Number of protein chains: 2
Amino acid sequence: MTKTAEVILFPRHAKNPAQFRTWLASISSTFKKYLEGKGLNLTHQREEVLKCLLSAGNHMSLDDVYAAAKKKDPTIGRATVFRTLKLLEECGLAAEVGSADGRTRFEIKADRPHHDHMICIECGRIAEFESPMMERFQNKAIRQHKFIALWHRHEIFGRCELCAK
Amino acid sequence: MTKTAEVILFPRHAKNPAQFRTWLASISSTFKKYLEGKGLNLTHQREEVLKCLLSAGNHMSLDDVYAAAKKKDPTIGRATVFRTLKLLEECGLAAEVGSADGRTRFEIKADRPHHDHMICIECGRIAEFESPMMERFQNKAIRQHKFIALWHRHEIFGRCELCAK
DNA sequence: ATTTCAATGAAACTGAGTTTCATTATCAGG
DNA sequence: CCTGATAATGAAACTCAGTTTCATTGAAAT
């Protein structure tokens, strides 16, 4: 039986500055290509939003990203942040994650293994976990139902180790 | 390796009228006890809401239940339906389920095995599936994280067999 | 009958998410 | 460089499922 991998995935790339720059460059480039395909441009506002989301060590709500981006560029608007997050989601670079407070959070999906979430209802912390075996049986159920799965949401709500005391 | 059970769970009790009456009686009684514990009563409006949700062959939104209840009793209000659904949820008799259209749906949870959902983004149909093995590996991940799981949401979005053509 | 408090329906409110709109930036062709 | 076309933006307004308020009704307990 395969051991279920236990990984804290998120700040992986953010730890090493050089690695972070490479990661940012790679994702920026992908984003730029996607935008160009739609006749759009990678503006400095859009790049700022992407940078904020990438450098965060945790999952961010729209207003988290807005606040972070505003620090770097006080003229940036909430609508732009919103629209950029939607664009990132659209092209598969970012994904929405549920939360304990009802506000959707965002995470970078590109260049990261698939994972699901455990959400603490006390502190709001979102932990990521991978379970290839779980995926396997999920896929089996999908096949049995002849269902064409496009995306899924697997979120476990409860108390994290620290908040459980 | 256990075969993943494939069950269409929902209208199970609703098929047989006698069985349905027994089921309704049992759940009504549980609900009544819960309400009495809080100094509340099982009013005819509350019972009507419960009956509507029980007899439905599919998952219902607040307004679905409201419409169904209004047919039986035109004076019933949306607020009452809302509050009753919350009460049913509170005591574990009902649960919220996501949907393709953004409106939360409700299902009866009492006396039914645990299951997750596949939601068709074309027709809105919500299929239920069970996978004990999947649960098993999910629980393993939860244990490994020393997480206290209170509830979870596992919803797969895509196209059902019919809508996939 | 009177008091008390749960229960109700209609209507108003909430707030995350989204869209509108007038203005500003950007770019391609001249 | 200009110039026209169109992408992009920020502020503010809007949406709408979900929720709460409030004045009224109902029901149980004296």
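Note that this is a predicted model, so its numbers are computed, not measured. Reminder, nothing fancy here: chain letters follow the sequence lines and each chain counts from 1. All values below come from the heavy atoms of this structure, side chains included, with hydrogens, waters and symmetry mates left out.
Annotation: side chain of B/Arg159 is in contact with side chain of A/Leu150 (closest heavy-atom distance under 4.5 Å).
Between A/Lys32 and A/Glu47 there is no salt bridge, since no side-chain N of the basic residue sits under 4.0 Å from a carboxylate O of the acidic one. Salt bridge status for B/Asp64 with B/Arg103: absent, with no side-chain N to carboxylate O gap under 4.0 Å. A salt bridge links A/Arg78 and A/Asp63; the closest N-O separation between the charged side-chain nitrogens and carboxylate oxygens is under 4.0 Å.
Scanning DNA chain C 5' to 3' for nucleotides with an atom closer than 4.0 angstrom to a non-hydrogen atom of chain A gives a first and last hit of C/dA16 to C/dT20.
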Table please: side-chain donor-acceptor pairs of residues 86-94 of chain B below 3.5 Å, with sequence neighbours left out.
from: B/Lys86; atom 1: NZ; to: B/Glu89; atom 2: OE1; distance (Å): 3.4
from: B/Lys86; atom 1: NZ; to: B/Glu96; atom 2: OE2; distance (Å): 2.9
from: B/Glu90; atom 1: OE2; to: B/Tyr34; atom 2: OH; distance (Å): 2.5
from: B/Glu90; atom 1: OE2; to: B/Lys38; atom 2: NZ; distance (Å): 2.8

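Shown for residues 33-48 of chain B: residues whose heavy atoms fall under 4.0 angstrom of DNA chain C, namely B/Gly39, B/Leu40, B/Asn41, B/Thr43, B/Gln45, B/Arg46. Of the residues in residues 70-98 of chain B, B/Arg78, B/Ala79, B/Phe82, B/Arg83, B/Lys86 come within less than 4.0 Å of DNA chain D through at least one heavy atom, sorted by number.
For A/Phe31, there are no ring pair (Phe, Tyr, Trp, His ring centres under 6.0 Å) partners two or more places apart in sequence or in a different chain. Applying the ring pair (Phe, Tyr, Trp, His ring centres under 6.0 Å) criterion to B/Phe157, with sequence neighbours excluded, gives A/Trp151.
Under the ring pair (Phe, Tyr, Trp, His ring centres under 6.0 Å) rule, A/His117 has a single partner from A/His154, A/His59, A/His152, which is A/His59.
Around NZ of B/Lys70, the count of heavy atoms belonging to other residues, nucleotides or ligands within 6.0 Å exceeds 12.
Once rounded to the nearest 0.5 Å, the distance linking CZ of A/Arg46 with CZ of A/Arg83 reads 8.5 Å.
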